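Below is one structure, written out as structure tokens; the observations come after it.
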Protein chains: 2
Amino acid sequence: MSESTGLRARKKERTRDAIGDAAVSLFLERGFDRVSVNDIAAAAEISKPTLFRYFPTKEDLVLYRFADHQGEAARVVRDRKSGIKPVTALHRHFRAGLDRYDPVTGLSDHPEVVAFHRLVFTTPSLAGRLTRYQLEDEEALADALGEGIQARLLAAQVLAVQRVLARTNWQKIADGRTAHDVHPEAVADADQAFNQLP
Amino acid sequence: MSESTGLRARKKERTRDAIGDAAVSLFLERGFDRVSVNDIAAAAEISKPTLFRYFPTKEDLVLYRFADHQGEAARVVRDRKSGIKPVTALHRHFRAGLDRYDPVTGLSDHPEVVAFHRLVFTTPSLAGRLTRYQLEDEEALADALGEGIQARLLAAQVLAVQRVLARTNWQKIADGRTAHDVHPEAVADADQAFNQLP
DNA sequence: GTTACTAGGTTAAAAAAGCAACTCGGTTAC
DNA sequence: GTAACCGAGTTGCTTTTTTAACCTAGTAAC
């Protein structure tokens with residue numbers, strides 16, 4: 001009970017999804033810079049100012065799917081059960097992502113997801129913006145880990161590790177293998193990477 | 001070119017249709033007065049004030065399908081080719097409606113249309129309101145036919161004829177016959193009725 | 001080099017929608 | 001009989017969306 005989101009909120013969310021989906025679908029079809037924001041607004045049946053009220057820039061139309069995971073690492077650390085070390089919590093969280101083939105782990109072989117990742121990695125402005133998102137994520141994680149240089153170093157290493165793992169997984173799948181097939185290696189890589197963190 | 005309906009107009013029309021369709025669908029399912037306007041607003045995912053901005057009363061939620069034909073008879077008379085008598089133009093127009101099994105002629109056997117007509121005819125407040133629509137239609141037709149008592153009499157008779165014809169057709173179909181089967185009789189009835197008009 | 005066009009992004013005003021609280025007439029409960 | 005309630009329709013206020021016009025940077029035309 002009490003899913004009472006309210007009409008306004010419900011429609012807002014749906015509009016946001018409609019815009020994002022229309023955008024990604026067009027980008028995958030024709031490439032990032034062969035689609036104008038006008039095209040997207042038209043496809044989503046909203047006006048251009050409305051589009052920019054939902055997404056500050058054209059890049060964000062793609063990256064909101066990552067943005068939805070913003071601060072996830074920090075949250076995992078903050079919400080860990082007492083007695084669990086931060087790195088362990090992050091390790092388990094990543095492992096759980098692998099087990100459910102979560103797209104953020106790179107271990108998804110849904111064609112749409114694979115194509116989406118290719119789009120992001122091969123479009124410079126998108127890759128650049130994604131890096132900025134990750135930096136924010138890193139700062140948040142550092143704050144969750146504590147103060148001082150130690151926390152900052154650990155945060156940077158964790159996110160670096162996650163990035164490399166995700167990209168490695170994606171590459172194997174982009175080469176034609178199935179997620180199920182890659183899964184054991186992905187788990188082994190993750191174990192090795194997380195275990196060698198301080 | 002120039003399908004340019006404009007975003008605003010397009011959405012308005014769609015909202016109107018969504019409300020009307022939701023309303024009729026609920027009315028057919030549960031009956032006119034076992035559905036509240038709140039139910040309809042919820043089903044159409046709009047707020048109650050918005051509903052009443054589109055439809056002045058609950059009855060109009062049903063009758064807008066007739067309202068869309070408002071003034072049609074008058075228009076047919078005004079737009080007739082020179083040399084054609086008004087009654088002839090109206091006769092041909094009705095005949096054309098029969099040939100394409102237009103719901104307003106009563107000669108449609110789509111279950112939804114049949115049920116819709118039953119709803120209107122068996123709900124007093126709806127039947128009453130429909131009569132008022134037809135009176136307005138009659139006035140408009142009278143004006144199109146000219147001035148004076150002659151025009152008014154003819155208008156009244158034409159609409160009376162059309163009403164009887166439509167209801168006769170609907171009754172035969174409500175009794176289980178197909179529109180295709182009834183069509184010849186409907187045409188014959190219409191010919192007889194229109195030919196005996198002054 | 002100017003001109004003109006395109007695409008990302010912004011602005012101001014007006015239309016439309018949501019929300020909550022209200023009126024008013026008619027039932028039901030007690 | 002009166003209090004509580006329900007459903008149709010309204011009202012005032014706020015938020016959201018459309019519209020059309022604009023700004024700016026890049027780039028193609030000539």
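No hydrogens, no waters, no symmetry mates; every other heavy atom, side chains included, goes into these values. Reminder, nothing fancy here: chain letters follow the sequence lines and each chain counts from 1. Remember, it's a predicted structure, so these values are computed and weren't measured experimentally.
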Using whole Å, what does the distance between atom [atom2] of nucleotide [N] and atom [atom1] of [X] come to?
X	N	atom1	atom2	answer
Glu13(A)	dT16(D)	CD	C1'	16 Å
Asn38(A)	dT10(C)	CG	C1'	14 Å
Ile46(A)	dA16(C)	CD1	C1'	16 Å
Ile19(A)	dT17(D)	CD1	C1'	11 Å
Arg10(A)	dC19(C)	CZ	C1'	14 Å
Phe55(B)	dT10(D)	CZ	P	15 Å
Lys12(B)	dT18(D)	NZ	C1'	12 Å
Phe52(A)	dT18(D)	CZ	C1'	16 Å

key: NZ/NE/NH1/NH2 to OD/OE distance under 4.0 Å, Lys172(B) and Glu185(B)   = yes

ask   = Toward the 5' end of DNA chain C, which comes first, Lys11(A) or Lys58(A), by nearest nucleotide?
value = Lys58(A)

task = Let me know, please, whether Phe32(A) or Thr15(B) comes out on the 5' side of the other along DNA chain C by nearest nucleotide.
result =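 Its nucleotide being nearer the 5' end, the pick is Phe32(A).
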
key: Pro49(A) side-chain proximity, nearest of dG9(D), dG18(C), dA20(D)   =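 Minimum distance to the Pro49(A) side chain belongs to dA20(D).
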
Does [X] reach a base, just sugar-phosphate, or nothing at all? Heavy atoms under 4.0 Å.
X	value
Glu45(A)	sugar-phosphate
Tyr54(A)	sugar-phosphate
Ser47(A)	base
Lys48(B)	base

request  = Check whether any side-chain N or O of Thr50(A) sits under 4.0 Å from OP1 or OP2 of dT18(D), and answer yes or no.
outcome  =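 So the side chain of Thr50(A) is within the cut-off, an N or O lying under 4.0 Å from OP1 or OP2 of dT18(D).
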
request  = Following the transitive rule for hydrophobic clusters with a side-chain heavy-atom cut-off under 4.5 Å over Ile, Leu, Val, Met, Phe, Trp and Tyr, establish whether Leu141(B) and Leu130(B) coincide in one cluster.
outcome  =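 As far as the 4.5 Å side-chain criterion goes, Leu130(B) and Leu141(B) are connected within one cluster.
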
ask   = Does Leu7(B) or Arg8(A) map to a spot on DNA chain D nearer the 5' end, using the closest nucleotide for each?
value =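 Per heavy-atom nearest nucleotide, the more 5' residue is Arg8(A).
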
Contact summary for Leu61(B) and Phe55(B), nearest pair of heavy atoms =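 In terms of heavy atoms, the two residues are closest at CD2-CD1, 3.5 Å.
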
message = Whether the side chain of Arg53(B) and the base of dG18(C) hold a donor-acceptor pair under 3.5 Å is what I'd like checked.
response = yes

ask   = Should His93(A) and Glu72(A) count as side-chain neighbours, where that means a heavy-atom distance under 4.5 Å?
value = yes

query = His117(A) vs Trp170(A) aromatic rings, parallel, tilted or perpendicular, using cut-offs 30° and 60°?
reply =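 Judged by the thresholds at 30° and 60°, the geometry between His117(A) and Trp170(A) is perpendicular.
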
